[in-house]
Each structure stands twice: as C-alpha cells, then as structure tokens.
Amino acid sequence: MPSSPPLRIGYVPEHFSTPIHFASTHFSLSCTLIPFPSGTGHMITSLQSNEIDIGIGLTEGWVAGLGKAEAESKSAGYRMVGTYVETPLCWAISTGANREDVTGVERLKGAKMGVSRIGSGSYVMGFVLADTHDWLSPASTSSSSASAPFDIIPLQTFAKLRESVNDRTADFFMWEHFTSKRYYDNGEIKRIGEIYTPWPSWHIVARPGVIGDERMEEMLEKLNLGIKYFEDHREEAVQYISTELDYSAEDAREWLKTVKFAEDVRGVRGSVVQETARVLKKAGVLGQDVRVEGMVGIRRKE
C-alpha cells in the first residue's frame, strides 16, 4: 500500500514558532510546514477547506471558531488536540506614529479597530478589551458582534494593519508585543496600551480525520523534542529568531524570559477551554448557549 502523505501543519512564522523549526531541523519532523503570517483566523478557513491538517495558533481564535460553528450547526473542521504555550500572551495596542487624536485606550470606544480577520485573535481580544472597560452593550453580550463596541476593519496582514493606523483606515489594532516592538523602535507605529490573555496562549488543533493518526502522534512527540531542545539551547534560539525572523537579539532574549512552552504538548485541559469560552461569552464573542464538550479531541489531566 502507498504510504500516507505527510501532515500539513499551519503555523504563524513568529518567535513562538522556534520549537517547530527545531523539531524540523534537529528531529526530522516529517510534516509539510505552511506559514500563515495573517494568523489563526486564516488557519481556521484553511482547516475547513482541507488545505492543512494541523494548526498551531491562538487559543481564543480556536475556541471562538469552534463556538461560532456550533452556533450555526456546522462543523468547525477541527478540534483541539494539544497545548503549545502555557503562558499568557501580551497583546500590544497600537496606533499611528503621528496620531494625536488617539492618545490612550480609554478613548477607544466606538473607534475603528483593525483586525486580521473576523474570528482571529486580534478580533477576539478587542471584545475582551471592551469587556474590561465595560463597553459592551446587552445586545453584544447575548449573541455575537451585532452591537460591537468598535467599527471592525478586517485587513488580513500585520503590514496592512500598521499601514491602516497611519493612513487612518483604522484607529488602532492589537498584536503580540514583541512582534510589534520593532515598529515602535523604528517609529512606524505608537504603543498606547496592552492587555494579557486570561488563558494559556497557544494550542494545537487537528482535522477530525487525523486525530489519533500515527502521523499526528509522531508529530506531537517531535514537537516535544523541539521544545526540549529550545529550552536547552537558548542562545541558538536567539540566533535563529534574530537572523531568520523579524526581531532583534535583545528582544528575543527578553521574550525568552516571559514564555513557557508545554513540556508535553499532547492533550488539552478542559478547564482551559471552559474558562476561555466563559470569557468569550461574557465579551459577546460567543453566545451564552455554546457548549464546550465537543471542542476537545484529546483531553489531558487537570
């Protein structure tokens, strides 16, 4: 019989992908790696259209996508199977470098928020931000974004988001802190605040057809080896991040102080999904009747 084709893994080509690179270069991760610079929302559509088998992306994006599919009585095209990063993510809040009309987070209610895609992490965290400032109307906490606290502007890529706040297509956007920092340092954009995810920041999902597949189990083991290598070879990680990705060595070292990857990526804690869904329901991203029981394909012990 012919051998099965390699699994196709979608990932975001940022500093968090370094253990994936190490798994590939040092431990023969036999998968096709497909970069998604526009993030988790794009991976969801690619999973649904069978363009990738595995996605490594942001927790809130995965849970939001699963909840939306359930609310519409459709298949999301994936389930959560692994935990990648245990620590929260710091989302920086940015505007144009010379925007004197946007001076702080407290004035963002009703502003134009740039996002990569509807349902992406940059979209979801806008509602979490609004919830922390009590900007959500009763309508937006009962269903989805019908009464969104912002004017949502989908712009696909980080580069277009940066352009948008300078040409006033959008007033602000949210993106990971260290990915944004280079553009604060060079004066392209201005930082006006930050917000942390109230959950572990990165998870692994898979199409139902590959859950339990020997190829997926091998992939999870190779990721574990890549993470262990990352932990044991920090300077090699800094070298890779500062030469192959869009970061300085100084920023890479600072990031290393803030991040903790899972020691064993296999499985997802049900409590993490429950808490993420609870916050997303409160923020109006998910409806109150969304259930989380079917979101997890592989559970891990609490």
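Everything numeric here is computed off the predicted structure, so don't read it as measured data.
- Remark: E263 CD is loosely packed, at most 12 non-hydrogen atoms of other residues, nucleotides or ligands lying under 6.0 Å away.
- Using a 4.5 Å cut-off on side-chain heavy atoms (C-beta onward), P88 and W199 make no contact.
- Between F158 and S180, the shortest heavy-atom contact is CZ-CA, 4.0 Å.
- Between E254 and H177, the side chains place no donor N or O within less than 3.5 Å of an acceptor N or O (distance only, hydrogens not considered).
- Using a distance-only test at 3.5 Å, with no hydrogens or angles considered, no donor-acceptor pair links the side chain of R117 to the main chain of Y123.
- For the residue pair H21/E244, the side-chain donor-acceptor check at 3.5 Å is not satisfied.
- Judged by distance alone, the side chain of K260 and the main-chain N or O of E86 form no donor-acceptor pair under 3.5 Å.
- Side chain of Q274 to backbone of V292: no donor-acceptor contact under 3.5 angstrom is found.
- One hydrophobic cluster holds both F16 and L220 under the rule that ILVMFWY side chains link at heavy-atom gaps under 4.5 Å.
- The residues R300 and D264 are annotated as not salt-bridged, no charged nitrogen and carboxylate oxygen being separated by less than 4.0 angstrom.
- Contact check on D171 versus R99 returns a salt bridge, with a Lys/Arg side-chain nitrogen under 4.0 Å from an Asp/Glu carboxylate oxygen.
- Not a single donor-acceptor pair under 3.5 Å links the side chain of R182 to the backbone N or O of S248.
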Stepwise side-chain contact (heavy atoms from CB on, under 4.5 Å) check, F173 with R162:
CA-CA 8 Å; F173 69 87; R162 299 195 310 271; 4.1 Å; yes
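- The backbone N or O of E51 lies less than 3.5 Å from no partner atom in the side chain of S46, so there is not a single donor-acceptor pair.
- Taking OG1 from T179 and NE2 from H15, the interatomic distance works out to 4.5 Å, rounded to the nearest 0.5 Å.
- The residues E275 and R278 are annotated as salt-bridged, a charged nitrogen and a carboxylate oxygen being separated by less than 4.0 angstrom.
- In this structure, the ring of F261 has its center less than 6.0 angstrom from the ring center of Y84.
- When all heavy atoms of P6 and S30 are compared, the closest pair comes out as CB-O, 3.5 Å.
- S24 OG to Y11 OH: the interatomic distance, rounded to the nearest 0.5 Å, is 8.5 Å.
- Side-chain atoms of V102 and R168, non-hydrogen and from C-beta on, never get closer than 4.5 Å to each other.
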Begin from the C-alpha positions of M113 and F172 and carry the test side-chain contact (heavy atoms from CB on, under 4.5 Å) through to its verdict.
CA-CA 5 Å; M113 181 175 76; F172 77 101; 3.5 Å; yes
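- In this structure, OG1 in T157 is found 11.5 Å from NE2 in H42, a value given to the nearest 0.5 Å.
- Atoms CD and OG, on Q239 and S242 in that order, are 5.0 Å from each other to the nearest 0.5 Å.
- A salt bridge between E176 and K181 is absent, with no side-chain N of the basic residue lying under 4.0 Å from a carboxylate O of the acidic one.
- Residue E100 places its CD atom among 12 or fewer non-hydrogen atoms of other residues, nucleotides or ligands, all under 6.0 Å distant.
- Here the side chains of E218 and C31 are not in contact, with every heavy-atom distance at 4.5 Å or above.
- Ion pairing between R266 and E221 fails under the 4.0 Å rule for side-chain N and carboxylate O.
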Taking it one step at a time, do R79 and M295 satisfy side-chain contact (heavy atoms from CB on, under 4.5 Å)?
CA-CA 5 Å; R79 295 172 76 189; M295 294 184 178; over 6 Å; no
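- Hydrophobic cluster membership is shared by L129 and L58, with clusters built from Ile, Leu, Val, Met, Phe, Trp and Tyr side chains linked at under 4.5 angstrom.
- Between V63 and M80 the shortest side-chain heavy-atom distance falls below 4.5 Å.
- Inter-residue side-chain proximity for V272 and T83 is flagged as unmet; no heavy-atom pair is nearer than 4.5 Å.
- Looking only at distances, no side-chain donor or acceptor of D53 sits under 3.5 Å from a matching main-chain atom of A206.
- Looking only at distances, no side-chain donor or acceptor of E60 sits under 3.5 Å from a matching main-chain atom of T276.
- For N166 against N98, the heavy-atom pair with the smallest separation is OD1-N, 4.5 Å.
- Of the options T258, V259, T197, a side chain to side chain contact (heavy atoms under 4.5 Å, CB included) to L89 is made by T197 and by none of the others.
- Taking both residues in full, the closest heavy atoms of G297 and V81 are given as CA-CG1, 4.4 Å, listed atom of the first, atom of the second, then distance.
- Panel note: side chain Q48, backbone A76; a donor-acceptor pair is recorded below 3.5 Å.
- Within a 6.0 Å sphere centred on NZ of K112, other residues, nucleotides and ligands contribute more than 12 heavy atoms.
- Among the candidates V205, T45, I34, T32, the single residue satisfying the side chain to side chain contact (heavy atoms under 4.5 Å, CB included) test with I52 is I34.
- Judged by distance alone, the side chain of R207 and the main-chain N or O of Y78 form no donor-acceptor pair under 3.5 Å.
- At a threshold of 4.5 Å between non-hydrogen side-chain atoms, the residues E235 and R253 count as touching.
- The NZ atom of K222 lies 14.5 Å from the CD1 atom of I20; values are rounded to the nearest 0.5 Å.
- Annotation: K68, atom NZ; neighbour count of heavy atoms from other residues, nucleotides and ligands within 6.0 Å does not exceed 12.
- When each of I204, I211, V268 is tested with I298 by the rule side chain to side chain contact (heavy atoms under 4.5 Å, CB included), just one qualifies, namely I211.
- Once rounded to the nearest 0.5 Å, the distance linking OG1 of T25 with CZ of F22 reads 6.5 Å.
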Between H203 and W62, does the ring-ring contact (aromatic ring centres under 6.0 Å, His included) criterion hold? Intermediate values first, please.
CA-CA 8 Å; H203 276 78; W62 297 138; 9.4 Å; no
Worked check of side-chain contact (heavy atoms from CB on, under 4.5 Å) between V12 and W202:
CA-CA 11 Å; V12 184; W202 293 73; 4.0 Å; yes
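- For S116 and S122, the side-chain atoms include at least one donor-acceptor pair closer than 3.5 Å.
- Closest approach of I44 and G65 over heavy atoms only: CD1-CA, 4.2 Å.
- Residues S94 and I189 approach most closely at OG-CD1, 3.9 Å, considering heavy atoms.
- At a threshold of 4.5 Å between side-chain heavy atoms, the hydrophobic network of Ile, Leu, Val, Met, Phe, Trp and Tyr places V285 and W175 in two separate groups.
- Clustering ILVMFWY residues whenever any of their side-chain heavy atoms sit less than 4.5 angstrom apart, transitively, puts I93 in the very cluster that holds F150.
- More than 12 heavy atoms of other residues, nucleotides or ligands sit less than 6.0 Å from atom CZ of R234.
- When the side chains of ILVMFWY residues are joined at heavy-atom separations under 4.5 Å, either directly or via intervening members, M125 and L161 end up in two distinct hydrophobic clusters.
- Judged by distance alone, with hydrogens and angles left aside, the side-chain atoms of T40 form no donor-acceptor pair with the main-chain N or O of G121 at under 3.5 Å.
- Under a cut-off of 6.0 angstrom, the local environment of CD in E106 is crowded, with over 12 non-hydrogen atoms contributed by other residues, nucleotides or ligands.
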